[in-house]
Amino acid sequence: MPFVSAARYGKDNVRVYKVHRDEKTGIHTVTEMVVCCLLEGDIETSYTVADNSVVVATDSIKNTIYIKAKEHPVNPPELYASYLGQHLLDTYAHIHVANINISVKRWTRMVVDGKEHPHSFYRDGEETRTVEARVTREGIELKSGIAGLLVLKSTGSAFHGFVRDEFTTLPETWDRILSTEVDSTWSWNTLPSVAAVEEKVSQFDKAWEDARKITMKTFAEEDSPSVQATMYKMASQILDAAPETAKVTYALPNKHYFEIDLSWHKGIKNTGKDAEVYAPQTNPNGLIKVEVSRS
Ligand SMILES: O=c1[nH]c(=O)c2[nH]c(=O)[nH]c2[nH]1
């Protein structure tokens with residue numbers, strides 16, 4: 001007999017917006033996020049014998065996401081994910097794991113005539129702040145991250161000394177454009193309960209701010225010998241900055257910009273040190289990943 005060796009289900013792409021209105025100052029603070037919540041547990045029979053008695057409808061899961069966003073703070077997202085997951089475990093005895101993924105959009109406050117506007121915001125890039133939570137009765141595993149942060153530097157990057165053989169056409173370079181879309185995560189040591197997440201709550205915003213700063217400062221200031229070496233430096237610094245994390249990952253696509261030889265037109269020089277006009281490439285692209293753990 002075939003058997004269900006793994007199963008999870010729930011609601012994906014639940015878009016949630018929450019506003020906090022400060023009564024005294026009139027200042028509004030807004031959060032927009034996309035939530036995915038998938039449950040695991042004693043649910044095999046729903047697949048094997050059409051037993052819907054074990055199914056919490058995905059529609060109810062969506063409703064729970066909204067209700068918990070109303071009842072609790074949605075910031076930091078690590079805390080909201082913990083409240084949501086714990087509620088699902090407390091409510092449904094046959095559910096053993098709540099997997100919650102959150103992706104927070106950027107709404108940055110507008111500055112108008114030099115003053116921060118109380119209730120107007122702009123979409124400050126497609127970068128998101130991410131959380132992956134795995135909530136079980138044994139504890140809460142949290143992985144925080146940054147996704148979609150597009151960066152470019154126009155010099156200060158080299159790539160040479162790599163394997164040269166009969167398959168190699170790439171010239172060595174001591175000065176190239178480096179561009180990538182940062183996808184990074186940092187995994188927290190497992191916390192025993194929501195109370196423990198509450199107790200440590202300030203570490204989440206700090207780590208996210210530090211990780212963004214480290215990523216951008218290292219990218220900008222380092223003379224990069226390769227994507228591999230640069231991402232290892234970034235990951236090591238995040239481990240130092242966030243002592244309660246166990247490992248850090250980066251996934252960096254190498255967004256290539258090719259030189260264009262324009263010498264066919266009146267002998268124009270546009271290669272090497274004379275290169276100014278480049279052709280940005282979409283694909284294929286390098287993709288370089290690393291996971292760095294605390295020793
Ligand atoms: O930083 C880089 N790492 C590579 O592994 C690689 N491979 C390549 O073609 N260009 C680059 N750049």
Side-chain angles (χ1 to χ4, degrees), residues 103 106 124-130 132 143-187 207-242 245-265 268-295:
S103 162
R106 288 181 74 76
D124 178 16
E126 290 312 305
E127 178 196 349
T128 56
R129 174 173 173 176
T130 61
E132 273 179 61
K143 192 194 281 187
S144 309
I146 296 168
L149 170 62
L150 188 55
V151 292
L152 176 148
K153 67 195 287 187
S154 51
T155 188
S157 167
F159 187 59
H160 48 81
F162 50 87
V163 174
R164 293 211 81 80
D165 60 16
E166 69 273 31
F167 294 98
T168 313
T169 54
L170 185 74
E172 295 187 297
T173 179
W174 280 259
D175 185 10
R176 65 175 179 172
I177 294 166
L178 184 59
S179 178
T180 188
E181 194 173 301
V182 177
D183 194 330
S184 174
T185 67
W186 45 101
S187 302
W208 175 73
E209 277 155 21
D210 286 346
R212 280 188 97 230
K213 274 190 213 144
I214 287 165
T215 300
M216 289 204 247
K217 186 172 163 67
T218 308
F219 182 82
E221 290 183 350
E222 190 209 23
D223 271 331
S224 170
S226 66
V227 173
Q228 285 89 332
T230 299
M231 70 207 298
Y232 174 76
K233 267 199 181 151
M234 292 171 175
S236 308
Q237 289 175 75
I238 294 176
L239 283 174
D240 284 346
T245 55
K247 63 186 180 195
V248 174
T249 71
Y250 273 86
L252 300 180
N254 197 352
K255 297 188 163 280
H256 307 294
Y257 286 70
F258 286 177
E259 285 188 6
I260 313 169
D261 183 353
L262 297 176
S263 59
W264 51 272
H265 183 77
I268 286 179
K269 292 182 177 157
N270 190 54
T271 56
K273 67 178 179 13
D274 299 308
E276 289 177 295
V277 176
Y278 293 78
Q281 305 295 300
T282 38
N283 52 46
N285 61 271
L287 177 59
I288 302 176
K289 297 189 177 195
V290 74
E291 177 181 287
V292 181
S293 297
R294 202 176 290 285
S295 52

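The chain is numbered in sequence order, starting from 1. Whatever order the structure lists them in is the order used to number ligands and atoms, beginning at 1.
Taking each heavy atom of F159 and S226 in turn, the nearest pair found is CD1-CB, 4.0 Å.
Ligand 1 has an N or O atom lying under 3.5 Å from an N or O atom of Q228, backbone or side chain. When only interatomic distances are considered, the shortest N/O to N/O separation between L170 and ligand 1 does not fall below 3.5 Å.
With no hydrogens or angles considered, a side-chain donor-acceptor pair links T230 and E222 at under 3.5 Å. Side-chain atoms of Q237 and T218 include a donor-acceptor pair closer than 3.5 Å.
Every atom of ligand 1 with a heavy atom of S226 under 4.0 Å away is listed here by number and element: 1 (O). Taking every heavy atom of I288 and a limit of under 4.0 angstrom, the matching atoms of ligand 1 come to 3 (N), 4 (C), 5 (O). Those atoms of ligand 1 that come under 4.0 Å of a heavy atom in V227, given as number and element, are 1 (O), 2 (C).
If you look at R176 next to ligand 1, the close heavy atoms, those under 4.0 Å, all belong to the side chain.
Proximity of T180 to V227: side-chain heavy atoms (C-beta onward) are nowhere separated by under 4.5 Å.
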Output side-chain donor-acceptor pairs under 3.5 Å for residues 164-178, partner residues at least two apart or in another chain, one line each.
unit_1: R164; atom_1: NH1; unit_2: L170; atom_2: O; d: 3.0
unit_1: R164; atom_1: NH2; unit_2: L170; atom_2: O; d: 2.8
unit_1: D165; atom_1: OD1; unit_2: F167; atom_2: N; d: 2.9
unit_1: D165; atom_1: OD1; unit_2: T168; atom_2: OG1; d: 3.2
unit_1: T168; atom_1: OG1; unit_2: V163; atom_2: O; d: 3.4
unit_1: T168; atom_1: OG1; unit_2: D165; atom_2: N; d: 2.8
unit_1: T168; atom_1: OG1; unit_2: D165; atom_2: O; d: 3.3
unit_1: E172; atom_1: OE2; unit_2: G161; atom_2: N; d: 2.6
unit_1: T173; atom_1: OG1; unit_2: D175; atom_2: N; d: 3.1
unit_1: T173; atom_1: OG1; unit_2: D175; atom_2: O; d: 3.0
unit_1: W174; atom_1: NE1; unit_2: H160; atom_2: NE2; d: 3.1
unit_1: D175; atom_1: OD1; unit_2: T155; atom_2: OG1; d: 2.6
unit_1: D175; atom_1: OD2; unit_2: T155; atom_2: OG1; d: 3.4
unit_1: R176; atom_1: NE; unit_2: S157; atom_2: OG; d: 2.9

Would you give me the side-chain donor-acceptor pairs under 3.5 Å for residues 272-290, sequence neighbours excluded?
unit_1: Q281; atom_1: NE2; unit_2: A279; atom_2: O; d: 2.9

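Ranking protein heavy atoms by distance to atom 6 (C) of ligand 1, first place goes to F159 CZ, 3.3 Å.
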